[in-house]
Protein chains: 2
Amino acid sequence: MAFPAALHDHSACIHAALDAAEAECRRRGARLTDIRRIVLELVWESHRPVGAYALLESLGRLGRSAAPPTVYRALDFLLAHGLIHRVASRNGFIGCPHPGHAHGGQILLCAQCGMAAELDDPALDREIALSAARLGFSVSHQTIEVEGLCPTCRAQAGDTA
Amino acid sequence: MAFPAALHDHSACIHAALDAAEAECRRRGARLTDIRRIVLELVWESHRPVGAYALLESLGRLGRSAAPPTVYRALDFLLAHGLIHRVASRNGFIGCPHPGHAHGGQILLCAQCGMAAELDDPALDREIALSAARLGFSVSHQTIEVEGLCPTCRAQAGDTA
DNA sequence: TCTGTTTTGTTATGTTATAACATACCTTCC
DNA sequence: GGAAGGTATGTTATAACATAACAAAACAGA
């Protein structure tokens with residue numbers, strides 16, 4: 001997983017994500033209904049975390065205006081099937097580029113441009129489980145959200161380190 | 001840092017935390033005013049994350065009823081000086097047992113009893129920074145919140161692993 | 001004591017999330 | 001096809017979390 005460049009063929013990202021979602025839902029016997037698919041598309045409109053109420057507005061612009069529970073239910077479904085991740089530190093959601101693969105949601109967030117990417121480092125998972133185990137704690141789920149500067153924004157800021 | 005036992009001398013925790021806070025504020029030339037100290041004490045009433053509105057109610061019970069901004073300002077102060085941590089995944093706050101020591105807020109949360117503890121593993125910090133650097137990303141701040149079972153709750157559940 | 005700064009009070013409102021119940025829609029079995 | 005039961009969506013209301021904006025008070029240093 002590379003950090004998404006400022007300029008890239010984003011329609012390819014959306015397309016790939018939707019395809020992967022279809023496949024994953026088929027595999028799980030889960031129903032990717034209209035709203036759920038639309039919400040997933042809207043989440044993928046950028047690589048930035050999107051809030052539920054922003055999605056609500058987007059839905060309105062598509063002529064499918066809805067109330068909050070509709071969006072939250074779609075988000076719950078997408079979360080439950082690993083198609084999106086919740087970004088707790090921003091009260092937002094981002095699309096998962098590789099649903100199905102077990103991974104715990106390690107997210108990089110650029111403080112400058114707001115773009116997000118997944119880190120997905122198994123060594124990190126292991127280190128956390130190990131470190132927790134030393135305190136007698138057994139891990140079931142982890143939230144890792146790392147803020148900093150993405151490659152593009154570092155270059156712009158003249159950070160060459 | 002051990003995970004706090006279900007039964008322990010909690011007044012000692014509160015006392016130690018308040019003392020450490022006083023010292024840290026003196027060191028920094030920051031003013032630990034009445035409300036700020038009281039809010040800190042209330043955050044320390046348990047080892048569980050507390051929400052701002054719960055603090056508000058507690059303040060009311062102490063005869064110091066206040067409006068939300070008062071509590072949020074106190075929390076902002078305590079956060080700014082490292083006396084508490086924000087628990088993003090729970091919209092809550094917990095006291096920091098060792099303010100002053102540089103550390104990035106690695107938090108263990110028991111899904112059963114709700115208790116929280118700090119992990120504070122420097123190797124974890126390093127692994128994250130390293131792994132992010134491989135994607136060209138430079139880290140400034142990290143949120144790590146790990147959910148699972150604490151030693152006490154594991155024992156109760158018969159988990160001997 | 002005056003002055004500028006910091007802190008707190010107060011009112012209003014913005015933002016995020018869910019409870020509770022009604023309706024529609026699919027599926028399967030007769 | 002039609003009834004039954006589950007799943008999904010619509011709708012209304014409200015809970016829970018957070019901040020903007022301005023007024024008043026408390027404090028620190030000259």
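Since we're looking at a predicted model, the values are computed, not measured. Computed over heavy atoms, backbone and side chain alike; hydrogens, waters and symmetry mates excluded. To find a chain, count down the sequence lines: A is the first, B the second, and so on, and within it residues start at 1.
Partners of A/Ser11 by side chain to side chain donor-acceptor pair (under 3.5 Å), not counting sequence neighbours, listed by chain and number: A/Asp9. For A/Arg36, there are no side chain to side chain donor-acceptor pair (under 3.5 Å) partners, not counting sequence neighbours.
Distance, A/Arg90 CZ to D/dA18 C1': 16 Å, rounded to whole Å. Regarding B/Leu79, its CG atom lies at a distance of 16 Å from the P atom of D/dC17, rounded to whole Å. Remark: P of D/dT9 and CG of A/Leu78 are 11 Å apart, rounded to the nearest angstrom.
Taking every heavy atom of residues 63-74 of chain B and every atom of DNA chain C, pairs under 4.0 Å involve B/Ala67, B/Pro69, B/Thr70, B/Arg73, by number. Contacts between residues 31-61 of chain B and DNA chain C, counted as heavy-atom distances below 4.0 Å, involve B/Arg31, B/Thr33, B/Ile35, B/Arg36.
Note on A/Val139 and B/Phe3: same hydrophobic cluster, where clusters join Ile, Leu, Val, Met, Phe, Trp and Tyr whose side-chain heavy atoms are under 4.5 Å apart, directly or indirectly.
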Distance-only check: which donor-acceptor pairs under 3.5 Å involve side-chain atoms of residues 44-63 of chain A, not counting sequence neighbours?
{"residue": "A/Ser46", "atom": "OG", "partner": "A/Arg48", "partner atom": "N", "Å": "2.9"}
{"residue": "A/Ser46", "atom": "OG", "partner": "A/Arg48", "partner atom": "O", "Å": "3.4"}
{"residue": "A/His47", "atom": "NE2", "partner": "A/His8", "partner atom": "NE2", "Å": "3.1"}
{"residue": "A/His47", "atom": "NE2", "partner": "A/His10", "partner atom": "ND1", "Å": "3.2"}
{"residue": "A/Arg48", "atom": "NE", "partner": "A/Cys113", "partner atom": "O", "Å": "2.7"}
{"residue": "A/Arg48", "atom": "NH2", "partner": "A/Cys113", "partner atom": "O", "Å": "3.1"}
{"residue": "A/Ser58", "atom": "OG", "partner": "A/Ala54", "partner atom": "O", "Å": "3.0"}
{"residue": "A/Ser58", "atom": "OG", "partner": "A/Arg61", "partner atom": "NH2", "Å": "3.3"}

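Taking side-chain N and O atoms only, A/Asn91 has a distance below 4.0 Å to OP1 or OP2 of C/dA17.
Between A/Arg90 and A/Glu147 there is a salt bridge, since at least one side-chain N of the basic residue sits less than 4.0 Å from a carboxylate O of the acidic one.
Applying the side-chain hydrogen bond (donor to acceptor under 3.5 Å, both in side chains) test to pairs two or more places apart or on separate chains, none has a residue in residues 64-80 of chain B.
Under the side chain to side chain donor-acceptor pair (under 3.5 Å) rule, A/Gln106 has a single partner from A/Asp125, A/Thr143, A/Asp120, which is A/Asp125. Partner of B/His85 under the side chain to side chain contact (heavy atoms under 4.5 Å, CB included) criterion, out of B/Val43, B/Leu78, B/Ile94: B/Ile94 alone.
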